[in-house]
Every structure is written in structure tokens, then in C-alpha cells.
Amino acid sequence: MAETPYSLYLHIPFCRQRCAYCDFNTYAGLEAWHAAYVDALEAEIRYLGRQAGWRLPVHTVYFGGGTPSLLPPGAYERLLTAIADAFHLLPGAEISLEANPGTVDRVTLAGLRAAGVNRLSLGMQSARPEELRLLGREHDLPAVIRAVAAARAAGFDNLNLDLMYGLPGQTLAHWQFSLEWALRLAPEHLSLYALTLEHGTPMRAWVRRGLVPPPDDDAAADMYEWAAARLQAAGFVQYELSNWALGGTDAAARAAASDQPPPLPRYACRHNVQYWRSRPYLGLGAGAHGWAAGYRTVNVRAPQAYIARLRAGLARPPAHPFPWTPATVQLRRLPQDEALSEYMLMALRLTREGARWDEVRRCFGVEPEAVFASALARCQDAGLLERVPWGARVTPRGRLLANWVFRAFVGIGR
Ligand code: SF4
């Protein structure tokens, strides 16, 4: 069987300022470290290539953050050259980069496109100025409109917009306004995320102190349902709990062999699908996580420590086999029961494909209908899960109560 292609995630932990709701591993004010960080990332790419022992096939690369668009296009040219040297970058590989509107112009975007980036993900979040202010975002709607126009002019034909709903004080009409604006900008892909109050964020503190109303779960559910219907009417296919893409139709899904999952829409994010299918990926950069050769890996979080570890570690022999690098602070072989649970938790996020029993049998050597019998029955009785010829997937109601479904599959197989 051909080797399953790998995905690479490269973390860029820099932002101009911290947004009020964000708990990602990212830092403002570290401009002086940008160049050394790119050197370290390049070193980690080459290190992993050597550790693998052969040029692993790679079909997606994702520069996430943080704000990757803060680094100049030349940095990505270097990193992609190193990736092409160290790995077998497959023809047609998806190469995504996250960008903040307001940090990009046509020249920068043309440089990124020329470097090989072929998918752009813009953090729009909202079309309403008061919501963007509350979130602590530094851009406004005109900046989003300019960024989309610049991306198109630079030749990007695969564009995602991120939006947030369930914001404090947000009404359904406000949400409709933002989503309609996003549709007017004609992206190929939309990611819609409900606001969560993460520990240690200013937003959580404001809500706790009563300065900002708490997010309303019922209102967020209404926004989600409205968006799902609106996007379907606009020709988008929902393929994951929070993700919609153009380039697929229900007719195409029906025409596919009925014992196989419907094909992904053409503009589905293949990199994220790799995670949801529990396929292998290498996480490079400060705080990045990976999953390869049966190991979960976690890199050191602080960018300065990451740089120091790469500098010092290159001179020493490797402490562990692939996928270890000098930046790795956790390398853990996942026990089978944990890997099986994780497979279900990730796969059930895929709303059309769901969990595939042929994958469960192939990867874990167990009979899914037996191992998951009680969890499947509970979720099915609650109307949250449905059986399909190739496995199981969440129902439209289950999409709203996905955490309930996930809990049913935690710890299974122990
Ligand atoms: S720009 Fe993105 S990564 Fe940076 S602080 Fe804001 S939400 Fe977090």
C-alpha cells in the first residue's frame, strides 16, 4: 500500500497585539526574534527530514499562528524550499497561510503566491465595528474588503474567511449582517467558530466581572442553524462541524457509491481533514503538536526557548527516533484505547463522512460495532448519531450537541 501522505503544520507565534479572547501560543512585541525564528524553523524542517530517513511524501503544508502574514514572503520562500528539499512535496500540494486583514497588501500577497502559498485564510471574524473592537481585532470591514481584493489580484483562487458567532451582546440580525458580508466577498471556504471563554483571557475576566454579558448558548445555536441553512442555499457544503466549502453538491454525493462516504467538496481544507481523519502530521515551531509513527509530540512553547533548543540540539546526536526533534518536550506513544477514542472524536467532526469502520478495523484491528455498541446505541437513541453504510456520523441535531456525542466515546476500549 502506498505510504499515507503527511501534513506539515508550522506555527508562527507572533501577533501585533493580543486579541481579548485568544489563548493561542502567540506573543506581541517579539519582532526582534522573527529572523532567528525562521532560521530555527528551517533547521527543524531539515532535522525532521533527516530523522525520517527518506523523503516522506507531503500533501499539505499549513502556516498557522499567531499571524503568519507578519513575516515577509521571503521567509516562506526559504521555508518552502527547505520543505521541498527535506520532504517529497507532492504535486498539487495544498499550501495554506493564515493572514490578518490589515497585515497584507497586494505586493505581499503576490510574494506569498509566488513563494508557493496557494490557499489563504483570512481572519475576518465580524463585519461589525463594535464586535471587532470587543474582540480586540485591529482591522475593520474595509480592511477585509481590501484584503480579499488584494488576494484575488495576487492570484489566490482558494480563499477562506473565519467568522465568529455567539459573541456577547450579538443578536441574530448582527450575525446575519456579518455572514451576508462574508458571502458578498465570495470566498471558496468559510469557517464559523462559536466564541468560547478561554482561561486567562481578558474576555473571560470581563464576563466574570460583569463588564460584558456572558455568551448566550441558545442564541449561538440559533445563529449556527441559521448559518447552516443560509450557506446551503448559497451553494456551500458543510463537511465539518464548523467548516463549509464550495465545489460539492448533494447530487454528486448521491451519485457516489452508496457504501462509500460522499466526496469532500473541492475546496475543503485538506490539511484540516488530515487531522479529522487522524492521519499523520508533523508539528513544527514553538508549541506545535504532531501525530506521527504512533507518537504524539509537543514542542516547547516559548519562541526564544524554541530557537535556543534548535541551536544547541543541532550539534548533538538525536535523543529519540523520528518524529523527535530538539524542540520536542513531549513524545508519547498513544495507547491503543486512547488512539481509538481520539479517532472517533476527530472523525465525528466530519459531518458527511463521519467515522469509517474500515479505517477502525485497519488501524486498530477491532470490530467497531462491538467496541462502540453502547455509545452508538445511546447517541442513536438520543437522535444525535446515525448509522451509514460505511460507519456512523452525527445528525443535524448532533451537530449542535457534539460535545455530548464526544463524551460518549471518551475512554472507550479501556
Ligand atoms: S490575531 Fe489571532 S492568534 Fe493573534 S492574538 Fe488575535 S486571535 Fe490570537
Side-chain angles (χ1 to χ4, degrees), residues 9-34 37-38 41 62-72 75-76 96-105 108-109 112 117 119-144 146-148 151 159-168 170 178 182 187 189-207 212 215 242-243 269 271-272 275 283-289 299 301-304 306:
Y9 173 81
L10 293 96
H11 190 67
I12 311 296
F14 307 119
C15 288
R16 270 203 204 141
Q17 60 182 48
R18 289 303 305 256
C19 300
Y21 58 96
C22 178
D23 73 339
F24 293 165
N25 183 38
T26 185
Y27 306 83
L30 292 189
E31 288 73 18
W33 293 85
H34 287 190
Y37 188 80
V38 175
L41 262 184
Y62 195 103
F63 295 103
T67 308
S69 49
L70 285 183
L71 298 183
Y76 295 101
S96 304
L97 182 131
E98 290 177 350
N100 279 351
T103 62
V104 287
D105 55 28
T108 314
L109 290 170
L112 290 169
V117 177
R119 181 176 186 274
L120 195 71
S121 180
L122 282 171
M124 173 179 177
Q125 314 310 354
S126 168
R128 299 185 64 88
E130 78 282 6
E131 289 174 2
L132 289 167
R133 267 198 307 276
L134 175 70
L135 292 170
R137 306 292 303 206
E138 50 178 349
H139 67 266
D140 54 12
L141 177 60
V144 178
R146 284 195 300 274
V148 169
L159 186 68
N160 170 61
L161 297 177
D162 280 349
L163 285 177
M164 294 184 74
Y165 63 95
L167 307 178
Q170 187 183 36
S178 287
H189 191 282
L190 280 161
S191 299
L192 312 182
Y193 299 111
L195 175 73
T196 50
L197 297 176
E198 304 295 346
H199 283 281
T201 58
M203 183 73 79
R204 187 180 166 98
W206 297 338
V207 170
V212 162
S242 309
N243 286 280
C269 176
H271 183 85
N272 287 338
Y275 301 151
L284 297 89
H289 292 223
N299 274 359
R301 271 179 78 82
Q304 298 93 328
Y306 172 77

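The model shown is predicted, which means the values in this text are computed figures rather than measured ones. As the structure lists them, so they are numbered: ligands from 1, and atoms in each ligand from 1.
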Novice: Can you sort out which atoms of ligand 1 are near C22, meaning under 4.0 Å from one of its heavy atoms?
Specialist: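 Numbered from 1, ligand 1 contributes 3 (S), 5 (S), 7 (S), 8 (Fe).
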
Novice: After noting the C-alpha distance and the side-chain angles of Y27 and W33, does the key distance pass the side-chain contact (heavy atoms from CB on, under 4.5 Å) rule?
Specialist: CA-CA 11 Å; Y27 306 83; W33 293 85; over 6 Å; no

Novice: Measure the acute angle between the ring planes of F14 and H34, then classify it against the limits of 30° and 60° as parallel, tilted or perpendicular.
Specialist: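 Ring orientation of F14 relative to H34: tilted.
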
Novice: What atoms of ligand 1 come closer than 4.0 angstrom to any heavy atom of N100?
Specialist: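 Counting atoms of ligand 1 from 1, those under 4.0 Å from N100 are 1 (S).
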
Novice: Calculate, to the nearest 0.5 Å, the distance between atoms OH and CG belonging to Y306 and L41 respectively.
Specialist: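 Those atoms lie 4.0 Å apart.
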
Novice: Counting backbone and side-chain atoms alike, is an N, O or S atom of C19 positioned under 2.8 Å from atom 6 (Fe) of ligand 1?
Specialist: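 Yes.
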
Novice: Test of understanding: given a 4.0 Å heavy-atom threshold, classify the contact between Q17 and ligand 1 as side chain, backbone, both, or neither.
Specialist: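 The answer is the backbone.
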
Novice: Under 4.0 Å from any heavy atom of C15, which atoms of ligand 1 are there?
Specialist: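 Answer for ligand 1: 1 (S), 3 (S), 4 (Fe), 5 (S).
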
Novice: Nearest heavy atom to atom 2 (Fe) of ligand 1: which of R16, R137, E98 does it belong to?
Specialist: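 When every heavy atom of R16, R137, E98 is considered, R137 comes closest to atom 2 (Fe) of ligand 1.
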
Novice: Test side-chain hydrogen bond (donor to acceptor under 3.5 Å, both in side chains) on Y193 and Q125 and set out the steps.
Specialist: CA-CA 9 Å; Y193 299 111; Q125 314 310 354; over 6 Å; no

Novice: May I ask you to list the atoms of ligand 1 that are less than 4.0 angstrom from any heavy atom of Y21?
Specialist: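 Heavy-atom distances to Y21 below 4.0 Å select 7 (S).
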
Novice: At a 4.0 Å cut-off, with the gap strictly under it, does some heavy atom of G123 reach an atom of ligand 1?
Specialist: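 False for this residue.
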
Novice: Quick one: do D23 and Y21 satisfy side-chain hydrogen bond (donor to acceptor under 3.5 Å, both in side chains)? Show the steps, please.
Specialist: CA-CA 7 Å; D23 73 339; Y21 58 96; over 6 Å; no

Novice: Show your reasoning for whether side-chain contact (heavy atoms from CB on, under 4.5 Å) applies to L141 and L132.
Specialist: CA-CA 9 Å; L141 177 60; L132 289 167; 5.6 Å; no

